[in-house]
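Numbering of residues begins at 1 and proceeds along the displayed sequence. Whatever order the structure lists them in is the order used to number ligands and atoms, beginning at 1. Only a predicted model underlies this, so the values are computations on that prediction, with no experimental measurement involved.
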Amino acid sequence: MMNYTEMLSRLKALGQEHLLRFYDDLSADKQLTLLKKLGETDFSYLAAFASRMAEVPRGEITPIPVLRIREIEEKRAAYEAAGLRALSEGKAAAVLLAGGSGSRLGHEGPKGTFDIGISRPVFIFQRLIENLSATAARAGRPLTLFIMTSETNDAETRAFFEAHGFFGYDPSFVHFFTQAMAPAVDENGKILMETASRPVSAPNGNGGWLLSMEASGMLDIARREGVEWLNVFSVDNVLQQICDPVFLGATITSGCASGSKVVRKTSPEEKVGVMCLENGRTAVVEYYELSDEMRNAKDENGNYLYYYGVILNYLFRIEDAAAVMHEQMPVHFAHKKIPCIDAEGRQVTPDEPNGWKFEYFIFDLLHELNGCLAFEIDRDREFAPVKNRTGADSPETARALLLAQGISL
Ligand code: UTP
């Protein structure tokens, strides 16, 4: 670990020496904590932030071909057989991304611990395990599940699974790992302080999963087990189909290195990222980046061209993804309200965004891979996101969708 003098000179070189502003006022213990935290801080994000104005303009965007529900139904039996074969041979595992802060839902505790039940408890994690168990039963073996948490929610997530007996799933097939954190900066690129002995840090986005799997030894576990495909999915879709054999079989058959489940949007305005091609390679255009022209563009038959949204359920062929994971992925900047202390050490709870968080996005990895099968799902059966406290994509809308699927709550 660097001592004070070494750290000060390092920070000076980065223009971040304010991080040691309160050092002399701290107890010896807290001084060590601060030096340790600063030692763990990944300062490489600062260069990306400094050059953010020079963001590369987007390339030529064109529609992506989508494997539509009708075509899937015609070949369902063959896809399903291929997928079940791969599952029964242990060639696929699941990766649950549960490191997000879930700030929109505003639930105390990890998002997966939210109870969506009405007359009985039905936790989000429980729903996901139920769906995974259903596939495992069909595959005739437990499927390995990796769960990505963050420094902030790791202990609580593990304790929750323990307390609920892993909802009946065999714990020896569940592996937790913690994702990397990124610092957060003010408007001038200075790293914010949470307390006098701790810089602000936040999970580095859902795109950090693969490097964090490698760093935590999870990739080695997957390889040792002979896993070839990882099904990566978000915590907040309570109808999430996990290691879906039809999706897996279709992706394997397609020869693509990755697959993505997509939903047909309900209207051009729906707030989901849209799958497309950028300079001929897989890309996602976020709803807030979508121009009016793209949003409403139609082909000669009157069909919308950019109408398939991603639901954060992807398949990655491990070795293809591992081959590109160390390439520099774009860093995205989110303008957020970030609680911190000011130069005098006073607590600040902002009403307006006061700084920037850094995030990697999972779909930037798709762009690096050779091919992605866009696989359309029936949204009523598979898409019930819990994002917001009320309104669209809230517990209320998700409950209605679960009940419509005959799932008792
Ligand atoms: P969201 O983009 O909805 O982010 O995550 P969030 O942080 O959970 O929620 P808000 O925006 O604060 O309300 C999509 C998926 O990616 C995971 C989330 O846990 C969720 O499954 N995620 C997100 C991570 O695992 N790590 C991150 O750093 C961010």
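For atom 12 (O) of ligand 1, the closest non-hydrogen atom on the protein side is Ser103 OG, 2.5 Å. Of the protein's non-hydrogen atoms, the one nearest atom 3 (O) of ligand 1 is Lys387 NZ, 2.8 Å. Looking at atom 26 (N) of ligand 1, its nearest protein heavy atom turns out to be Gln179 OE1, 2.6 Å. The protein heavy atom nearest to atom 24 (C) of ligand 1 is Gly100 N, 3.2 Å. Among all protein heavy atoms, the one lying closest to atom 6 (P) of ligand 1 is Gly102 N, 3.5 Å.
Of all the heavy atoms of Glu359, none lies under 4.0 Å from any atom of ligand 1, so neither backbone nor side chain is involved. Heavy atoms of Leu96 found under 4.0 angstrom from ligand 1: none, in either backbone or side chain.
Using cut-offs of 30° and 60° on the angle between ring planes, the pair Tyr4 and Tyr23 is tilted. By the 30° and 60° cut-offs, the orientation of the rings of Phe316 relative to Tyr314 is tilted. Ring-plane geometry between His335 and Trp356 is classed as parallel, the angle between the planes falling under 30 degrees on a 0 to 90 degree scale with a further cut at 60. Under the 30°/60° scheme for interplanar angles, the aromatic rings of Phe49 and Phe333 are found to stand perpendicular. Using a 30° and 60° split on the angle between ring planes, Phe123 and Phe160 fall in the perpendicular class, above 60°.
Side-chain contact check for Arg68 versus Tyr308: some heavy-atom pair is nearer than 4.5 Å. Contact of the Val274 side chain with the Tyr307 side chain is not registered, since no non-hydrogen atoms from C-beta on lie closer than 4.5 Å. Put simply, the side chain of Val263 does not reach to within 4.5 Å of the side chain of Asp378, judged on heavy atoms.
Every atom of ligand 1 with a heavy atom of Met148 under 4.0 Å away is listed here by number and element: 25 (O).
Taking any N or O of Arg104, backbone or side chain, at least one lies under 3.5 Å from an N or O belonging to ligand 1. Between Val235 and ligand 1, at least one N/O pair is under 3.5 Å apart. For a threshold of 3.5 Å applied to N or O pairs, the pair formed by Gly205 and ligand 1 contains at least one separation below that value.
Selection from Gly99, Ser101, Ser234 by nearest heavy atom to atom 7 (O) of ligand 1 gives Ser101. Considering each of Ile124, Leu97, Val386, the one bringing a non-hydrogen atom nearest atom 21 (O) of ligand 1 is Leu97. Residue Asn206 holds the heavy atom nearest to atom 16 (O) of ligand 1 of all those in Asn206, Thr149, Thr152.
Shown here for Leu192 and Cys340, the closest heavy-atom pair between the two residues is CD2-SG, 3.9 Å.
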